[in-house]
Amino acid sequence: MLTELSWTALKAFLIALVLTPIVRDIFRSYNVVDRPGRRKVHIHPIPRVGGIPIAIAYLVSLVSITNFNASLPAYDSPVWKLIPGAAVIFATGLIDDFFNLRPLYKLIGQIAGSVLVFMAGLRIEAIAGLSLPWWISLAITIFWLLLTTNALNLIDGLDGLCAGMGLLATLTLFGAALIQGNVPLAHATFPLAGALLGFLCYNFNPATVFLGDSGALLIGFLLGCYGMIWTQKTATLLSIVVPLLALTVPLLDVLLSVLRRFFRNQPIFGADRGHIHHRLLGQGLSVRRAVLTLYFASAIAAAFALMLSSPKINRYQVVIVFAFCAAVWAGIRQLRYSEFEVVSGLLFRGEVKRKLDQRDQVENLSSALKGSRTEEDWWDVLVQTSGELGWIRIAWLGIAPVRERFLLKENAAPTWTFSFPLSASESIMIEGPLSAGSTSPVRFAEVVSQSCAAKRQHWERLPAL
């Protein structure tokens, strides 16, 4: 079987290798190109029709399997159940490459392709042996296919990145299929690996042709279908995460994008330059080095996936999953997303406690100022609170005599100075080190200003002492 599959993959490779430059040159002559833009890294118009040679190479290879090898899959196998849906996805992407479809129409096409696959019998029917009702199965199947389809499309931002991610994920699932003896999955994956390898000869940096949506959506959809073929032959809960590990980088990019935009209260489906490959470019890596770095990360994830699929190490599956999660966390930290640094501080470095302490300090300051009877009492509250916050000096300017209090050593050098008005002629000035306290001077100023305005008429009615 392996020899026959190798010939099939070689055929797909040769078709893609020969057909890609022909299709590229034809569409370049008709000016069907991806033009440079603000969110793009290429500087010259490049044809974006790579999905066409990949689709042709893959389909021809599958047909040759059935026609010339009786021992290989028949047309009622899971391999052929994905073809109608994949055709709809490819057509949706190709139309978008030509006419720039609205997102809603693209989503409708993707859902239609997913429903076709479900109706053909390729679906997620059970999770870890637990059978699902048909309507839950339909919802999960559509969600999974939309996730993988768009994950590969979103990561298609650098030369060779999406095709390379697809190739590594396909080879990972092919290797897992060989380990588990999953014949339908092996038949489905290896021809795509050959087609992607042939296409990468022209798509790796510097690229002369791009995948386009027809290619990126097709690759993501096929990988999602491969994941479902895998789950149909898998019994344990941990081993069904193998497709997730195979698609680690694209899926992680989607997850991080959603979380970042959620934390910033931005549209979840908006566009930005915060994707993983953008972060690597922002750290000074060239396009080629950034792509190779992500290839390396995918190769590590592939190693974890293959270990998890091996029945010889079932007793270590939990350890493998924890090791993988630790590796992912280390990788995310290297990307230095400010959003996750803030959240990490809130959850793990006591920031929640400091925020609560800050709120308590403000509330205590407001109550103490409200309870002060005289101007001198009011000033004493400011001095005491400033000392508790670790500030160096506080001064009440514009009155005679000027009130001033050094709270630490008089020779302590302040690292910041902040002043705010109490009236047209009076102001409060505070000085302190950067590390002092958790209460914002701005919030302190708001409370003090409001209290002074409320207390001033009362002070003026008091007899002079």
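Hydrogens, waters and symmetry mates play no part in the numbers below; they use all other heavy atoms, side chains included.
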Intermediate values then yes/no, ring pair (Phe, Tyr, Trp, His ring centres under 6.0 Å), Phe27 and Phe98: CA-CA 11 Å; Phe27 284 93; Phe98 282 94; 5.7 Å; yes
Can you check whether Glu431's main-chain N or O pairs, donor with acceptor, with Trp416's side chain at less than 3.5 Å? no
Does any N or O in the side chain of Tyr58 come within less than 3.5 Å of the main-chain N or O of Gly194, such that one atom is a donor and the other an acceptor? no
By salt bridge (charged side-chain N to carboxylate O under 4.0 Å, His left out), which residues pair with Arg288, not counting sequence neighbours? none
Salt bridge (charged side-chain N to carboxylate O under 4.0 Å, His left out) partners of Asp213, counting only residues at least two apart: Lys106
N/O donor to acceptor pairs below 3.5 angstrom from side-chain atoms of residues 110-127, sequence neighbours left out:
residue	atom	partner	partner atom	Å
Gln110	OE1	Asn150	ND2	2.8
Ser114	OG	Gln110	O	2.9
Arg123	NE	Phe118	O	3.2
Arg123	NH2	Phe118	O	2.5

I want to check something: taking the side chain as every heavy atom from C-beta on, are [X] and [Y] in contact at a cut-off of under 4.5 Å?
X: Ile108; Y: Thr92; result: no
X: Thr189; Y: Leu223; result: no
X: Pro433; Y: Ile392; result: yes

Below 3.5 Å, can you tabulate the donor-acceptor pairs from side chains in residues 12-21 to any protein atom, sequence neighbours excluded?
residue	atom	partner	partner atom	Å
Thr20	OG1	Ala16	O	2.6

About how many Å separate [atom2] of [Y] and [atom1] of [X], when rounded to the nearest 0.5 Å?
X: Leu10; Y: Phe190; atom1: CG; atom2: CZ; result: 9.5 Å
X: Ser298; Y: Leu168; atom1: OG; atom2: CG; result: 5.5 Å
X: Leu104; Y: Leu101; atom1: CG; atom2: CG; result: 10.0 Å
X: Leu192; Y: Ile219; atom1: CG; atom2: CD1; result: 6.5 Å
X: Ser214; Y: Asn153; atom1: OG; atom2: CG; result: 10.0 Å
X: Thr231; Y: Trp144; atom1: OG1; atom2: CH2; result: 9.0 Å

Among pairs that include at least one residue of residues 16-26, which meet salt bridge (Lys or Arg N to Asp or Glu O under 4.0 Å), considering only residues two or more places apart or in two chains? Asp25-Arg28
Does Leu158 form a side-chain contact (heavy atoms from CB on, under 4.5 Å) with Leu280? I'd like the steps, not just the answer. CA-CA 11 Å; Leu158 299 179; Leu280 294 177; over 6 Å; no
Provide the closest heavy-atom pair for [X] versus [Y] in the form atom of the first, atom of the second, distance.
X: Ala193; Y: Thr170; answer: N-CG2, 3.9 Å
X: Gly166; Y: Leu196; answer: C-CD1, 3.6 Å
X: Gly109; Y: Ile89; answer: O-CD1, 4.0 Å
X: Ala305; Y: Thr172; answer: CB-CG2, 3.7 Å
X: Leu222; Y: Ala86; answer: CD2-CB, 4.0 Å
X: Ala163; Y: Phe199; answer: CB-CD2, 4.1 Å

Who are the ring-ring contact (aromatic ring centres under 6.0 Å, His included) partners of [X], not counting sequence neighbours?
X: Tyr295; result: none
X: Phe204; result: none
X: Phe90; result: none
X: Tyr316; result: none

With under 30° as parallel and over 60° as perpendicular, where do the rings of Phe324 and Phe304 fit, or are they tilted in between? perpendicular
Among Ile332, Leu335, Ile155, Leu244, find the one that has a side-chain contact (heavy atoms from CB on, under 4.5 Å) with Leu252. Ile332
Give the table of side-chain donor-acceptor pairs shorter than 3.5 Å for residues 49-57, with sequence neighbours excluded, one pair per line with atom names and distance.
none

So Leu62 and Ile83, side-chain contact (heavy atoms from CB on, under 4.5 Å) or not? Walk me through it. CA-CA 10 Å; Leu62 287 183; Ile83 295 300; 3.7 Å; yes
Phe444 ring center near Trp391 ring center (under 6.0 Å): yes
Met228/Leu145 under side-chain contact (heavy atoms from CB on, under 4.5 Å): CA gap, chis, key distance, verdict: CA-CA 9 Å; Met228 292 192 296; Leu145 291 176; 3.8 Å; yes
With sequence neighbours left out, write down each residue that passes side-chain hydrogen bond (donor to acceptor under 3.5 Å, both in side chains) with Asn203, or none if nothing qualifies. none
Can you list the steps and then say if Val287 with Leu281 is a side-chain contact (heavy atoms from CB on, under 4.5 Å)? CA-CA 7 Å; Val287 170; Leu281 294 178; 4.2 Å; yes
What pairs meet the side chain to side chain donor-acceptor pair (under 3.5 Å) rule with one or both residues in residues 243-253, with sequence neighbours excluded? Asp253-His275
